Amino acid sequence: MRTNAPKVLSAGLFPGVMALGVASSLALGGSEPEVAIESPLPLEIEDGGQTLRGGAGTTVFYGDSWLQAGGIELSQKREMVLAENPVVAQFEGIRFVASEASFDYGANLFSAEDVRLGAHPYFARMDSVTREGSVMRTPSLTFYPTEPLGFTPFLRVRQVEVGPDNSLSGRHLTAGIGRLPLFYSPLLYLSDLGPTPTVQIRSGQTDVLGWFMEFSVFFPMNERVAPGLDLHLYTSRGVMVGPGLQYQSLPEDEWFVEGNLTTGWISDRGSPGEDRRGVAIRRDRGHVDFVHLMDNRENLVLNMQVNYRSDSEVTRDFRRDLFREAENPDTFFSATYTDDWWQGHLFSRVRPNNFQTVPESLPEVRLALRPWVMDGWLLRSHAQVARLRARPVDFPDFPSTTLTETQRSDRFDTFLGLEKSFRPQPWLSLTPSVGGRLTHYERTNQRSGNYTRLLGEVAMEARGVATGDFAVENDIWKVNGLRHQVSPYLSYHWIPKAEQGDDFLPKVNRRPFSNRLPDYRLAERTDLDDMARTHLVRIGIDQELLTRDPEYGSRKLASLEIAQDWHFQDDPARRENRLSTIQFAYSLHPADWLEFRSFQRIDPNDGELDEWNNSLTFRDQYFWSLTFGNDYMQSAYEFYSVDMTRWLNENYEVFAGGNYDARRSRWTRTTVGLRQSFQNSWEFEYGMIFRRGDRRESPTEFIFSASLALF
């Protein structure tokens, strides 16, 4: 039998359930959902309608929420609601179970015994709980980041109090896995209920490291700060240990802040060998990696990165995750302030690692004015003062980059340029530009005093756009019409006597190595101390093939980019011919399950293929993926790779992969393994790695890793 309930229920029973913290409190005034009661037995009404009782199975409905109990009694005279065992409720996806519950809505006092509640994936248990007003108290709270099973991580806190601002304080915090405690703190205070801990465990065996276990944990103190620890044990090398820290701001904070600190120190009991310079590595080894970002959300951005290595091989030996991210990371600080009409930038780079060749900035200060429009012309300008240094490194593997002595440069630099865009036709745009860059050096390599250089630039870019639409339909490839967009372009750059001063300028800011066509715009040049002759035309064409996306906008089916530089004269000093390599970059992704990407460089002078990189991926997002790839560079390397992943079921997937060196006719790396999801809490990975030809890695490695996976 289902009937409407007295109005007092809407201000009594369900606000009491929500007072536990299952959901935010409902407003008592204004429009409220209708309260109804459903019971297998007739309801009892006593005391002249002042008391209402429902037997076992009685269910109270309040909008989309409900509560069921072994018995429910409502007394308007005592202003009391009682729910007898078992009590089960659900509100906005949060489930609440208790042995009994009561709510004195006159005093706004709620209590319950043997409480369990949760909203997937989070669960919590309390022996008992009381809530008076907006403050909740419980003698014991156990929190699970996922369904509590045998090996689920847990947090247990005694004497817990949750305040009206959702802050949580308690004593005797214990964190662990299953029934095993791993961490203890006598006090706990959280300004807001925040993220859960992250745990990673990696173990295995190699000939170089022996048996090893790498343990990493970050335990959030609140939503902003999570201190951590990295502990790595190696039977053949010793113990690497280091504290860590992760922190971030909240969306409502005035400043955006984000940072990460990772450290590690070890007294290496093995044979460290030599670094990449051929120098013996000391036994005391370590690293510090720190990244810090700040933004006042208006006009100031701060960025800092510190990367210290005791030697060039320490992360390769013990922290391969960091080594793969960056073999030669920078250490720098930068600050950028943007105003309505100008932008200031401070940048400083240092070299804490003596095995690196790094142009140091001690520091650089740059001021750029906002582009100013006058009569259709765009005026750009900036000025920069820098103290620079480049110190030599005995680097036998790359002798061409070795400096014979320390290079120092105190430099002032400024640029002024004008440009304007014209559209003689709807499909054609022309952008001529002129500019000048004045650079003053306080010292030269010949110690002959200062030197001032003035460079001018004349440039032009012409770009066209043409499109064609075709009524093509294909259900298999999900093609709903085709649009072909073609954008050919031609850019001209002339910087007369760009190489002047090359014989005696300090070589600090040099041309970086790149196998892509460089940016020749004078305002953007960073190789001020090592500039080559610049008089060229770049010809290119960009193409895209698009179709309508069934959900939103368009979907790219294919793309093709072709570009080449033609220099007006050779540059024998740089070993550059008039014609640069022709660069091709193209991709095909006609369906979600197929993707192909490629990059090629062809030398037009001899027709040789200088570089060719490809990647072909087949995937079924629910079952498997397969990727083939190759990396080829003439006179350098020729590698082929294959990687496969196969999902077996919701808990298991297998993976395999390998890299093949065609020049040496051998597989340099082969990997096979299994990934497992365990009890909705952990991700396990078991694998074997076989190597050939690596300089510092073992030929055979067994890996087991575990990470806390919260779904």
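Here, residue 1 is the first one in the sequence, and each next residue gets the next number. Keep in mind the model is a prediction, meaning the values are calculated, not measured.
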Which atom of [X] lies closest to which atom of [Y], heavy atoms considered:
X: Leu428; Y: Pro424; value: O-CD, 3.6 Å
X: Tyr520; Y: Ile495; value: O-CD1, 3.9 Å
X: His345; Y: Thr336; value: ND1-OG1, 2.7 Å
X: Tyr489; Y: Ala563; value: OH-CB, 3.6 Å
X: Arg548; Y: Gly481; value: NH1-CA, 3.8 Å
X: Arg533; Y: Glu499; value: CG-OE1, 3.3 Å

Given side chains that start at C-beta, do those of [X] and [Y] come closer than 4.5 Å, heavy atoms only?
X: Val279; Y: Phe355; result: no
X: Leu455; Y: Met531; result: yes
X: Phe333; Y: Leu346; result: yes
X: Leu302; Y: Ser334; result: no
X: Val508; Y: Asp530; result: no
X: Arg309; Y: Asp289; result: yes
X: Arg669; Y: Glu697; result: no

Under 3.5 Å, is there a donor-acceptor pair between the side chain of [X] and the main chain of [Y]?
X: Ser615; Y: Gly629; answer: no
X: Arg370; Y: Gln343; answer: no
X: Asn353; Y: Gln356; answer: no
X: Ser348; Y: Ser361; answer: yes
X: Asn630; Y: Trp612; answer: yes
X: Thr444; Y: Leu505; answer: no
X: Ser249; Y: Val257; answer: yes
X: Thr547; Y: Asn480; answer: yes
X: Thr534; Y: Ala498; answer: no
X: Gln500; Y: Lys497; answer: yes

Problem - Selection residues 325-347 - residue pairs positive for salt bridge (Lys or Arg N to Asp or Glu O under 4.0 Å), sequence neighbours left out - result: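 Checked against salt bridge (Lys or Arg N to Asp or Glu O under 4.0 Å) - neighbours excluded - the pairs reaching residues 325-347 are Asp330-Arg349.
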
Problem - Plane angle bin for Tyr441 and Tyr451 - parallel if under 30°, tilted between 30 and 60°, otherwise perpendicular - result: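 Rings of Tyr451 and Tyr441: tilted, 30 to 60°.
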
Practice task
Classify the ring geometry between Phe618 and Trp593 as parallel (under 30°), tilted (30 to 60°) or perpendicular (over 60°).
Solution key: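 Phe618 and Trp593: parallel rings.
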
Check this for me: [X], atom [atom1], are more than 12 non-hydrogen atoms of other residues, nucleotides or ligands nearer than 6.0 Å?
X: Arg387; atom1: CZ; answer: no
X: Arg483; atom1: CZ; answer: no
X: Arg516; atom1: CZ; answer: yes
X: Trp372; atom1: CH2; answer: no
X: Trp566; atom1: CH2; answer: yes
X: Asp592; atom1: CG; answer: no

Problem - Working for side chain to side chain contact (heavy atoms under 4.5 Å, CB included), residues Ser587 and Glu595 - result: CA-CA 7 Å; Ser587 64; Glu595 181 179 26; over 6 Å; no

Exercise for the section: Could you go through the side chain to side chain contact (heavy atoms under 4.5 Å, CB included) check for Leu362 and Val350 one step at a time? Expected result: CA-CA 7 Å; Leu362 308 169; Val350 297; 3.9 Å; yes

Which pairs of donor and acceptor atoms, one on a side chain in residues 291-298, lie under 3.5 Å apart (sequence neighbours left out)?
unit_1 : atom_1 : unit_2 : atom_2 : d
His292 : ND1    : Tyr247 : OH     : 2.5
Asp295 : OD1    : Arg297 : N      : 2.7
Asn296 : OD1    : Glu298 : N      : 3.0
Asn296 : OD1    : Asn299 : N      : 2.9
Asn296 : OD1    : Leu300 : N      : 2.9
Asn296 : ND2    : Asn299 : OD1    : 3.0
Arg297 : NE     : Asp253 : O      : 2.9
Arg297 : NH2    : Leu250 : O      : 3.2

Problem - Residue pair Asp565 / His567, side-chain donor-acceptor N/O under 3.5 Å - result: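 Note: Asp565 and His567 side chains miss the donor-acceptor criterion.
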
Exercise for the section: Give a yes or no on whether the ring-centroid distance for His535 and Phe568 is below 6.0 angstrom. Expected result: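 Yes - the distance between ring centres of His535 and Phe568 falls below the 6.0 Å cut-off.
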
If you measure from the Lys or Arg side-chain nitrogens to the Asp or Glu carboxylate oxygens, is any gap between [X] and [Y] under 4.0 Å?
X: Arg366; Y: Glu364; answer: no
X: Lys556; Y: Glu544; answer: yes
X: Asp519; Y: Arg521; answer: yes
X: Asp529; Y: Lys507; answer: no
X: Arg319; Y: Asp321; answer: yes
X: Asp661; Y: Arg663; answer: no
X: Arg538; Y: Glu461; answer: no

Practice task
Could you list the residues that satisfy side chain to side chain donor-acceptor pair (under 3.5 Å) with Arg389, not counting sequence neighbours?
Solution key: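 Side chain to side chain donor-acceptor pair (under 3.5 Å) list for Arg389, sorted by chain: Glu360.
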
Practice task
Quick one: list whatever passes side chain to side chain donor-acceptor pair (under 3.5 Å) with Asp631, sequence neighbours left out.
Solution key: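 Residues passing side chain to side chain donor-acceptor pair (under 3.5 Å) with Asp631: none at all.
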
Practice task
Could you please spell out the steps behind the salt bridge (Lys or Arg N to Asp or Glu O under 4.0 Å) verdict for Asp413 and Arg411?
Solution key: CA-CA 6 Å; Asp413 174 57; Arg411 192 178 69 199; 5.8 Å; no

Exercise for the section: Let me know which of Gln600, Gln543, Glu561 forms a side-chain hydrogen bond (donor to acceptor under 3.5 Å, both in side chains) with Tyr586. Expected result: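 Considering Gln600, Gln543, Glu561, a side-chain hydrogen bond (donor to acceptor under 3.5 Å, both in side chains) with Tyr586 is found only for Gln600.
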
Exercise for the section: Take Leu245 and Phe290 through the test side chain to side chain contact (heavy atoms under 4.5 Å, CB included) and record every step on the way to the result. Expected result: CA-CA 9 Å; Leu245 181 66; Phe290 176 57; over 6 Å; no

Exercise for the section: Check the pair Ile539 / Gln564 against side chain to side chain contact (heavy atoms under 4.5 Å, CB included), numbers first and verdict last. Expected result: CA-CA 6 Å; Ile539 303 173; Gln564 182 187 25; 5.7 Å; no

Exercise for the section: Only counting residues at least two apart or in another chain, list the ones meeting side-chain contact (heavy atoms from CB on, under 4.5 Å) with Ser310. Expected result: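 Partners of Ser310 under the side-chain contact (heavy atoms from CB on, under 4.5 Å) test: Arg285, Tyr308, Val314.
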
Practice task
Using salt bridge (Lys or Arg N to Asp or Glu O under 4.0 Å) as the criterion, list what pairs up with Arg408, not counting sequence neighbours.
Solution key: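 Arg408 satisfies salt bridge (Lys or Arg N to Asp or Glu O under 4.0 Å) with no other residue.
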
